[in-house]
There are 2 protein chains.
Amino acid sequence: MSTNTITAFEPRKTPVQARSTVTVKAISEATIQVLLTHGADRLTTTRVAGRAGVSVGTLYQYYPNKRSLLFAVFEDHLNKVSRTVELACEDARDKALSEMIRQVVEAYVDVKMQRADISVALYKVAPDVGGPALVKQTVQRLRKAIGSMLLTASDVKLSPDKFAIDLMLSAMAGAMRSALEAGASPAMFRKMREHLVLLCQSYMAAAMAKGA
Amino acid sequence: MSTNTITAFEPRKTPVQARSTVTVKAISEATIQVLLTHGADRLTTTRVAGRAGVSVGTLYQYYPNKRSLLFAVFEDHLNKVSRTVELACEDARDKALSEMIRQVVEAYVDVKMQRADISVALYKVAPDVGGPALVKQTVQRLRKAIGSMLLTASDVKLSPDKFAIDLMLSAMAGAMRSALEAGASPAMFRKMREHLVLLCQSYMAAAMAKGA
DNA sequence: CGATTGGATGAAGGATTCTTCAGGTTTGGA
DNA sequence: TCCAAACCTGAAGAATCCTTCATCCAATCG
């Protein structure tokens, strides 16, 4: 089960005093720093602890193992992405289909770009950190938000296909990943964004037409 | 450079006698076997050698390091994919745009499915094995094949946009990856295939119209 | 039939890193 | 003030693997 995959990374202890709250946050941020400056292979528990200004022992008091460090970072990142897209969905309610798609796609592209460095770093470690399980959760969340948004479309009245939404999401993610990993330039990204909107719009239109 | 990334994995010695040719092939196949049965983390050089029926020393005579084992497998896989898609492109020359896209997409989906197990296993190790570099090569190769095919389209006469082709490829790859990692059922894949054709067709049509 | 090159062996070296835990320090409430 | 709980420390244990190299076997050639 995906739940199992995830519980293995859950925190060991929850901070009680203010002191440890600070510590935990420091560790979490140190993880990102080390990930970005040293890369995934040179990410050791000792190094993270050092950067956080605590000892390894302390780290292990809150994180059960090394992978849980990355897992936490991954989780945060995906949450941020989810929240952003969900907001876009809220905002696009009752608009026309193509406008909805535009907002969602642009929101997604923009969040990923904002944290392009983290995104790229996470692509590398995802497989070792229960990435697929987390991604699955995220997709469910987004599917729900998008599906519910689509129901309010002003121009089309069709039950949106779960399958189509998933396909759109994975296609979008794939395209972004490719661009991010290639280190595309800002200009490139602007073009990407436009084209991705086009891609999703034309597909969704076609998919909904087909479903009818 | 990506070339550098790749040269670090190049073979150490090339087989001369028939004996060693057999050995190298055995090692390469053992790598796949171990990868599929034990998983990437439990893939050790000793284990691969054992499964191949040779000693570790022999393995290191032909492969400079552990990662080069996976690299070789990855390279083979991508070559197979490339060849298959290239053939589809040849076959689709002079046809209508939508038919071209159909053939390419279906060819891609089908090869990946044929080796679904290997595909999934490789997703996991790709980052540690110079995956991005290899993928970049593959994309170039496919972009060329597809671009040249599009020039012969019977219904549209437009210079195909490099950018659009890349986007289509990465979207396609993303969708496939997602489905493969989720362990989708055969029925699911048939639907995927259909929809992916639709997605690519509608996007390419839109992109080419826009370019004009 | 030597000699030379190719091929194979596998114990041992070497390097890393994760993770624990026994013991010291700080905090906050009674 | 005093104590129990919360926190922190970091040396050392323990487990893995990768990779080498000195040495021996097999094949090919003149």
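We name chains A, B, ... by the order of the sequence lines, and we start the count at 1 in each one.
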Just to verify, what does [X] make a salt bridge (charged side-chain N to carboxylate O under 4.0 Å, His left out) with, not counting sequence neighbours?
X       : answer
K124(A) : none
E194(B) : K210(A)
R143(B) : D166(B)

Tabulate atom names and distances for all N/O pairs under 3.5 angstrom spanning the protein and nucleotides 15-18 of chain D.
residue : atom : partner : partner atom : Å
dC18(D) : OP1  : K66(B)  : NZ           : 3.1
dC18(D) : OP2  : T45(B)  : N            : 3.1
dC18(D) : OP2  : T45(B)  : OG1          : 3.2

Under 4.0 Å from any atom of DNA chain C, heavy atoms only: list the residues of residues 14-34 of chain A that qualify, in numerical order.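 By residue number: Q17(A), R19(A).
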
Keeping to residues at least two apart or across chains, list the side chain to side chain donor-acceptor pair (under 3.5 Å) pairs with something in residues 170-180 of chain A.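 Of all non-adjacent pairs touching residues 170-180 of chain A, those that pass side chain to side chain donor-acceptor pair (under 3.5 Å) are R177(A)-E181(A).
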
Could you tell me the boundaries of the chain B footprint on DNA chain C, defined by atoms under 4.0 Å from its heavy atoms?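 Listed 5' to 3', the contact boundaries are dG6(C) to dG10(C).
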
For residues 32-39 of chain B, tabulate all N or O donor-acceptor pairs below 3.5 Å that involve a side-chain atom, not counting sequence neighbours.
residue : atom : partner : partner atom : Å
T37(B)  : OG1  : Q33(B)  : O            : 2.9
H38(B)  : ND1  : R42(B)  : NH2          : 3.4

For [X], all residues meeting side chain to side chain donor-acceptor pair (under 3.5 Å), sequence neighbours excluded:
X       : value
R93(A)  : S148(A)
R115(B) : none
N79(A)  : R141(A)

Counting only N and O atoms by type, is there a donor-acceptor contact under 3.5 Å from the side chain of [X] to the main-chain atoms of [Y]?
X      : Y       : result
S28(B) : V24(B)  : no
R67(A) : D128(A) : yes
K66(A) : L43(A)  : yes

Provide a list of protein-nucleic acid N or O atom pairs under 3.5 angstrom, restricted to nucleotides 10-14 of chain D.
residue : atom : partner : partner atom : Å
dG10(D) : N7   : S55(A)  : OG           : 3.4
dG10(D) : N7   : G57(A)  : N            : 3.4
dG10(D) : O6   : G57(A)  : N            : 3.4

With heavy-atom distances below 4.5 Å as the criterion, would you say the side chains of V73(B) and L69(B) are in contact?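 Answer no - side chains too far apart.
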
For a quick check of understanding: with a heavy-atom distance under 4.0 Å over all strands, which category does Y62(A) fall into, base, sugar-phosphate or nothing?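 Sugar-phosphate, backbone atoms only, no base.
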
